[in-house]
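Data first, discussion second: the structure below is written as structure tokens.
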Protein chains: 2
Amino acid sequence: MVVDELNDETVDRLFHALADTTRRDILRRCVRGELSVSRLAEAYPMSFAAVQKHVAVLERAGLVSKQRSGREQLVRTDPDAVGRARQALDELESAWRGRVDRMARLLAEEPGTAEPQVPGIEENNTPEGPER
Amino acid sequence: MVVDELNDETVDRLFHALADTTRRDILRRCVRGELSVSRLAEAYPMSFAAVQKHVAVLERAGLVSKQRSGREQLVRTDPDAVGRARQALDELESAWRGRVDRMARLLAEEPGTAEPQVPGIEENNTPEGPER
DNA sequence: CTAACGTACAACCAAATGGTTGTAGATGAG
DNA sequence: CTCATCTACAACCATTTGGTTGTACGTTAG
């Protein structure tokens, strides 16, 4: 598994998609991938189009994928997506805390994917300003 | 440590606060708690007031706290806050995956805080619709 | 004391968000 | 074939967001 550095826009979309109760609920429901958009929409007090938009937000964030089945569009939560969110948190956290331990953890989890570590990063990690 | 169920609004605010590059950058910079708001503002291509608002968003999400020091207001990232975000992801994920293993992990981490588990939850966990 | 600094907050604005309704194109059921 | 269903998407609207400038106020430096 390549660790695949998450860029800012990706993380923005990821967290933004997660920052809504309805969308988080959709994620929970769609792990088994059996629900069509209209079926989903029945569960919420809003229009079909609104739910469609929520699914689109989740899809752009990579949290969900759609698979056509006849005239229905089945929504399926990507189980690894939450892992990516967790990775984003890890990358945030790794800027300050448990840098070494976490690195060790990663190395333990994924032997062979170790990026050659630049020696001597100590308190050098005040990131430069973002480009927003 | 009380596990403290995170309610929807809390999680909304948490992820929303994290869904912005500037705010994540502020979090990284303020772990040591030495930066005043105006000092922070120097780092970004936007006005003092804009940064002030970002800090306010982080504060409402519980990711950051301010401490007065003379005329300055020092911003400090709550190191446990990212933990809370992780917990929110855990709670999401626990709706489907590794329910048992994760529970075991929690029990291992926090012996004594185990909530008596209702036996026989199997496929019963389609949550009811949110109230949004 | 006075001036400069750091903060708070209001007012304003453009763009994005979250919702709506309406229309139209595929697809499947009968 | 025809009709109902599912989806896609545009247009519209209210609210929120992310930014601005301006003003006011407390605090510290000189």
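In the text below, chain A, chain B and the rest are named by the order of the sequence lines, each starting its count at 1. Because the structure is a prediction, the values reported are computed rather than measured.
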Quick one: list whatever passes side-chain contact (heavy atoms from CB on, under 4.5 Å) with A:Leu89, sequence neighbours left out. A:Phe15, B:Leu18, B:Val82, B:Ala85, B:Arg86, B:Leu89
Whole angstroms only, please: what is the CZ-P distance between A:Arg24 and C:dG18? 12 Å
What's the CZ-P distance between B:Arg23 and D:dT17, to the nearest Å? 9 Å
According to salt bridge (Lys or Arg N to Asp or Glu O under 4.0 Å), does anything in residues 60-71 of chain A pair up with another residue at least two apart or in another chain? List the pairs. A:Glu59-A:Lys66
Atom CD of B:Glu59 and atom P of C:dT7 are separated, to the nearest Å, by 12 Å
Is there a donor-acceptor pair closer than 3.5 Å between any side-chain N or O of A:Ser69 and the backbone N or O of A:Glu72? no
Computed from five pairs at either end and rounded to 10 degrees, the angle between the axes of the helix from C:dC1-D:dG30 to C:dG30-D:dC1 is 30°
Provide, to the nearest angstrom, the distance between the CD1 atom belonging to B:Ile26 and the C1' atom belonging to D:dG18. 12 Å
B:Asp12 CG to C:dT17 C1', straight-line distance once rounded to whole Å: 13 Å
Rounded to the nearest angstrom, tell me the gap between atom NE2 in B:His16 and atom C1' in D:dT17. 7 Å
Sequence neighbours left out, what passes side-chain contact (heavy atoms from CB on, under 4.5 Å) with A:Ser38? Give chain and number order. A:Ser36, A:Phe48
Residues forming a salt bridge (Lys or Arg N to Asp or Glu O under 4.0 Å) with A:Arg13, sequence neighbours excluded: none
Take atom CE of B:Met46 and atom P of D:dT17, then tell me their distance rounded to the nearest Å. 16 Å
Residues A:Asp12 and B:Thr21: side-chain donor-acceptor under 3.5 angstrom: yes
Salt-bridge test for B:Asp25 and B:Arg29: reply yes if a basic N is under 4.0 Å from a carboxylate O, no otherwise. yes
With a 6.0 Å cut-off (strictly less than), is the heavy-atom count around CZ of A:Arg84, excluding the residue itself, greater than 12? yes
Contacts of A:Gly70 and A:Arg60 projected onto DNA chain C by closest heavy atom; the upstream (5') one is A:Arg60
Walk along nucleotides 2-14 of chain D from 5' to 3' and tag each nucleotide B, S or - by protein heavy-atom contact under 4.0 Å, base first, then sugar-phosphate. --BBSBBB-B---
Stepwise, does the salt bridge (Lys or Arg N to Asp or Glu O under 4.0 Å) test hold for B:Asp20 with B:Arg24? CA-CA 6 Å; B:Asp20 182 284; B:Arg24 288 193 302 274; over 6 Å; no
